[in-house]
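Naming convention: chains lettered A, B, ... in sequence-line order (proteins, then strands); numbering from 1 in each chain.
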Amino acid sequence: AEEFSLMYPFFYRPMFEVIEDGWNSFLPKDAFKDLESMTDEWRLSEVNKDFSVCPSYPPLVAVPKDVDDDTLRKAATFRHSGRFPVLSYYHKKNGMVMMRAGQPLTGTNGRRCKEDEKLINATLRPGKRGYIIDTRTINVAQQAKARGGGFESEANYPQWRRIHKAIERSNVLQESLIKLVEACNDQSHSMDRWLSKLEASSWQTHVKEILTTACLAAQCIDREGASVLVHGTEGTDSTLQVTSLAQIILDPACRTIRGFQGLVEREWLQAGHPFRQRCAQSAYSNSKPRQEAPVFLLFLDCVWQILRQFPCSFEFSESFLVLLFEHAYASQFGTFLGNRTAERAKLSLPEKTVSLWSWVNRPQELERLSNPLFEANSLVIWPSVAPQSLLLWEGVFLRWNRSSRCLDEAYEEMVHIIEYNKELQNKVNSLRRQLAQLETEDPLLQTP
Amino acid sequence: MDLLIRLPSYIQKSFVEQVRLLDRFSNKSTNGTLYLTATHLIFVESSTNNSTSAGQEIWILHHHIASVEKLSLTTTGCPLVIQCRNFRVVHFVVQRERDCHDIYSSLLRLLRPVSYEELYAFSYNPKQNDQQREEGWQLIDLGAEFERMGVPCDQWQLTDVNRDYKVCETYPRDLYVPITASKPIIVGSSKFRSKGRFPVLTYFYQEKKAAVCRCSQPLSGFSARCLEDESMLQAISKANHNSRFVYVMDTRPKLNALANRAAGKGYENEDNYSNIRFQFVGIENIHVMRTSLQKLLEVIGTRSLSVSDYLVGLESSGWLRHIKAVVDAAIFLTKAVTVEGASVLVHCSDGWDRTAQVCSLGSLLMDPYYRTIKGFMVLIEKDWISFGHKFADRCDQLDGDPKEVSPIFTQFLECVWQLTEQFPQAFEFSEWFLLQIHEHIHSCQYGNFLGNNQRQREELQLRERTHSLWAFLMSERQNYLNPFYSPAYSEAHPVLVPSTLPYNFKFWRNMYHQFDRSMHPRQSILKTILTLRENSRKAESTLQALESRLQQLGVTPITTSDPPAAPPTRDQRSNSSAFPPRPNSLILGAPINPKEVQRQQEEDDEQEEVGEEATESTDTERTVEGSSGTESRKQSYGELEGTYNSELAKEEPAVVSLEFGVARMTC
């Protein structure tokens with residue numbers, strides 16, 4: 001804790017009025033209340049209340065109602081880092097669910113765990129089957145067996161169909177980011193060099209892989225009407241990219257400013273994405289600490305891609321994503337400190353630091369982050385993942401390399417057009433009311 | 001469809017039922033009927049049970065068809081692949097091979113017109129009388145355009161030397177030259193230039209009295225010189241008191257220019273011409289450009305394309321490199337004229353391809369007028385049509401030499417698009433305008449782009465026998481407006497200085513995937529803002545009506561009639577916020593015929609269509625490899641093979657086709 005207590009968030013005192021303490025805005029028990037309003041098939045378990053079953057999980061997790069805590073404890077011993085399958089998302093439309101976990105510890109001799117099987121089977125409706133999305137290639141998953149890991153065999157999980165979708169692991173992603181940043185900073189004037197460097201970075205390839213897998217998960221749930229379990233190795237990186245993006249696609253609530261904060265809390269912070277290790281250095285730094293990886297940045301990039309394809313379906317604008325990117329790496333707020341909830345509790349972050357959400361959830365900040373084009377869209381949004389549809393996120397990667405003045409001015413003009421229209425509509429409405437009132441007062445005035 | 005009446009006798013069969021239209025990038029397909037008319041190939045989707053509305057229609061103008069290919073027979077039928085010049089690719093499967101063959105052979109006859117009279121423009125009748133047609137042709141007046149630039153003036157004059165196309169048959173009749181350039185100088189110079197294309201004025205930058213002139217390469221060979229030509233350049237130099245020299249921009253790569261010397265052509269020797277500064281800028285020739293685009297289309301037409309293959313293909317096609325080269329050259333020209341105040345003479349080999357690109361793009365950067373709708377028409381009319389860009393050859397209007405075909409004008413439109421992305425407020429028109437113009441350089445529906453030069457157009461009596469595209473576009477002007485356009489911006493930035501760092505050049509998806517709907521953003525900012533603008537216009541008049549009604553009743557309206565106050569300015573905002581909003585380039589949405597936009601919006605109002613449209617894009621990407629025709633309906637994002645539930649295989653609801661609107665307009 002020594003290294004932490006000297007960090008800026010512990011000294012930072014807000015110069016703004018905290019309207020709502022962000023540390024209390026997205027507690028698991030509140031999220032569960034929403035779930036309870038839709039279904040009674042799930043319960044909130046306190047099995048991890050002292051972080052002993054799974055150190056990287058929060059104290060409260062949602063699990064199938066019929067599965068008791070003992071079963072959870074046993075299932076936890078069968079999963080990487082004790083990350084037993086928990087609820088990630090409930091699809092209101094058809095009652096299908098998405099769960100996430102760590103890899104099963106089958107090892108080379110094909111260990112099995114009845115409790116684990118019971119736990120995940122409990123999420124299936126009678127006669128229904130589900131999909132397990134493994135974010136590793138079959139080869140990588142096979143190799144994991146030698147180190148005690150593995151994947152769910154068809155024999156032991158007959159009601160599940162396993163799909164392997166490769167998302168690169170963290171060290172590869174960091175390499176990719178370094179190459180991309182270098183390509184963007186290369187001011188040489190050759191087109192060929194730029195395109196080949198962009199290609200060599202593989203960044204866009206990773207974006208496509210992650211989006212594709214998230215779309216697949218969403219498709220299984222919404223189109224196929226099947227429940228889904230997502231895991232990779234630890235279940236703290238690619239797993240979270242997939243589960244959080246699938247929710248962006250499926251759930252309109254996640255596309256609001258507040259809903260997106262909730263998503264980041266649930267699927268990243270509380271789900272135990274190790275921010276301290278992954279975001280230790282600036283994204284622009286080319287040093288390579290072992291655990292450093294732009295896993296969260298890739299998630300934000302994918303959200304940005306969807307935002308570009310559905311510019312009217314998000315309540316927030318690109319600036320919110322850029323803000324999150326910045327604060328994940330360096331911040332005066334305590335939100336992204338630490339690797340997991342247990343660590344945050346130990347450091348008393350809620351007492352000693354200010355939450356980023358306290359800053360964000362104030363009227364002036366919300367206005368700045370909001371998307372003027374937003375019109376609530378209650379439908380599932382399917383992005384195109386064709387290479388021709390994916391773009392370089394200039395707002396992050398070219399931010400310091402080019403002037404965005406012309407684009408900013410055009411954006412202002414767009415805001416102006418939208419606001420002018422709103423005001424006009426308001427005026428028309430108020431005059432209509434005034435006229436209607438006159439007409440009811442004096443029926444003779446009624447216009448034909 | 002009265003078109004059916006005029007069906008030529010060689011059309012074997014006018015319609016075929018039970019035709020399947022396959023999506024280019026997914027395994028989706030729709031069933032319908034294929035109609036063949038004298039002018040169009042039309043696919044009409046059979047109405048589906050769950051939808052009362054008629055199915056989608058795709059209208060393909062015969063002139064747009066670049067190639068028809070009959071693939072080998074499969075179990076489901078006979079595939080017919082049609083590639084169009086507007087980058088549409090359609091893949092039909094016809095049940096019976098005989099029917100397929102009939103359509104195939106009819107199309108082959110139809111898509112290779114051998115005489116101008118066969119072109120659509122000569123039969124197209126938009127129900128206008130002669131007077132209206134005549135007025136349409138008078139819309140653009142190049143004489144008035146030179147006057148606008150301030151020509152003729154004390155240094156530049158109109159010459160009648162080419163009145164009868166005697167000196168140069170690919171130039172227009174009216175040409176502007178320095179006052180000191182006498183007829184003998186002109187004639188002498190023209191004999192020393194390829195195709196007689198001697199140096200003439202194309203743009204005059206009034207502020208610095210600097211001229212942009214154009215010509216073809218000199219016939220210098222290894223040592224030849226021509227005193228008249230030297231005097232001609234001297235005259236251009238003398239006409240500008242701001243600079244002691246003239247830039248001569250040879251837009252070709254040096255190697256190409258050197259090679260030309262062996263054929264008795266070449267470039268200016270600085271020793272022979274006093275006061276010139278010679279510069280190569282290295283834009284490749286028409287053959288390189290044609291191959292480059294072919295390569296690009298091949299890459300982006302690949303199914304299940306990986307990001308890596310896409311980027312490697314983009315690079316190896318060289319397309320963006322060529323685009324950048326043209327923009328770089330235009331910037332060089334602009335700087336020489338506006339910063340140094342020097343006159344510039346631009347040429348390539350014949351002076352009708354690269355020269356047209358560089359002169360017109362440079363003028364566009366220098367003069368805000370060319371960034372308006374009318375001004376852009378004038379620019380195309382001047383630098384492309386009148387100065388003899390060979391539209392007929394380059395766009396393959398008649399069955400001709402395939403080596404003459406090249407996307408030079410398409411490149412120009414793309415350069416302009418790249419600029420609109422960098423300067424979203426500087427252009428009065430939106431991307432739709434550029435796409436519409438591109439549509440019509442190949443449609444042969446209007447007379448403007450027919451033929452290779454003015455002389456030929458006069459012989460064809462196009463003004464008497466066909467209609468003008470400009471009049472049509474002008475009548476639809478509202479649809480092409482860029483809602484972000486700011487005349488104040490142009491006033492403050494009359495000269496645009498774009499960045500040509502490579503990452504500023506993007507792949508123009510809305511051009512090359514114009515008809516591949518699944519690739520486009522599902523919601524379009526341009527479309528949304530245009531609708532808002534339109535709503536505001538309506539609200540303004542409603543407001544007025546309401547106010548006058550209230551005043552009639554002797555009541556003061558609660559609100560004042562002043563237009564609503566402007567939102568806080570940019571500066572006030574950015575000062576108060578730590579992170580200024582940083583939007584990316586404003587994505588201009590799917591290129592839809594504006595009428596279609598309206599229609600779709602109406603539909604959207606009735607039924608929330610966004611989501612259904614959205615689901616369509618699921619199927620953009622199929623990673624299932626090597627699936628045979630029978631198991632074609634696989635899922636979208638891969639690996640769901642052998643699903644338990646057939647939900648995924650369900651047919652998507654019919655969506656109104658984008659292209660419908662465009663085609664509609666052409667009939």
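Heavy-atom distances place the side chain of B/Tyr310, and not its backbone, under 4.5 Å from chain A. If you measure heavy-atom distances from B/Gln422 to chain A, the contacts under 4.5 Å come from the backbone alone. Neither the backbone nor the side chain of B/Ser499 has a heavy atom closer than 4.5 Å to any heavy atom of chain A. For A/Arg433, no part lies near chain B; criterion is any non-hydrogen pair under 4.5 Å. Contacts between A/Ile418 and chain B at a heavy-atom distance below 4.5 Å involve backbone atoms as well as side-chain atoms. For B/Ile300, the parts lying near chain A are the backbone and the side chain together; criterion is any non-hydrogen pair under 4.5 Å. No part of B/Tyr512 comes within reach of chain A, as not one of its non-hydrogen atoms sits under 4.5 angstrom from that chain.
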Derivation and outcome, side chain to side chain contact (heavy atoms under 4.5 Å, CB included), residues A/Leu323 and A/Glu365: CA-CA 11 Å; A/Leu323 179 139; A/Glu365 197 57 19; 4.0 Å; yes
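With sequence neighbours left out, B/Tyr485 forms a ring-ring contact (aromatic ring centres under 6.0 Å, His included) with no residue at all. Remark: B/Thr542 engages no residue in a side-chain hydrogen bond (donor to acceptor under 3.5 Å, both in side chains) (not counting sequence neighbours). Legend: residues meeting salt bridge (Lys or Arg N to Asp or Glu O under 4.0 Å) with B/Lys538, ordered by chain and number and at least two apart, are absent.
The greatest number of non-hydrogen atom pairs below 4.5 Å with chain A, out of B/Gln425, B/Lys324, B/Gln552, is found for B/Gln425. The candidate from A/Asn426, A/Leu373, A/Leu390 with the greatest count of non-hydrogen atom pairs under 4.5 Å with chain B is A/Leu373. No other option in B/Leu546, B/Asp309, B/Asn504 has as many heavy-atom pairs under 4.5 Å with chain A as B/Leu546. If you tally non-hydrogen atom pairs under 4.5 Å between each of A/Glu375, A/Gln204, A/Glu209 and chain B, the highest count goes to A/Gln204. Between chain B and the options A/Arg432, A/Gln425, A/Glu199, A/Gln364, the largest number of non-hydrogen pairs under 4.5 Å is found for A/Glu199.
Between the side chains of B/Tyr489 and A/Glu413, no donor-acceptor pair of N or O atoms lies under 3.5 Å. A donor atom on one side chain and an acceptor atom on the other are not found under 3.5 Å apart for A/Ser190 and A/Ser188. Between A/Tyr131 and A/Gln219, the side chains place no donor N or O within less than 3.5 Å of an acceptor N or O (distance only, hydrogens not considered). In this model, a donor atom of one side chain and an acceptor atom of the other lie less than 3.5 Å apart for A/Gln305 and A/Asp301.
Annotation: side chain of A/Phe397 is in contact with side chain of A/Trp203 (closest heavy-atom distance under 4.5 Å).
Side chain of B/Thr531 to backbone of B/Lys527: a donor-acceptor contact under 3.5 angstrom is found. Distance alone, capped at 3.5 Å, places no donor-acceptor pair between the A/Lys165 side chain and the A/Ala217 backbone.
Interface with chain A: from residues 311-318 of chain B, residues B/Leu311, B/Val312, B/Leu314, B/Glu315 qualify, criterion being any non-hydrogen pair under 4.5 Å.
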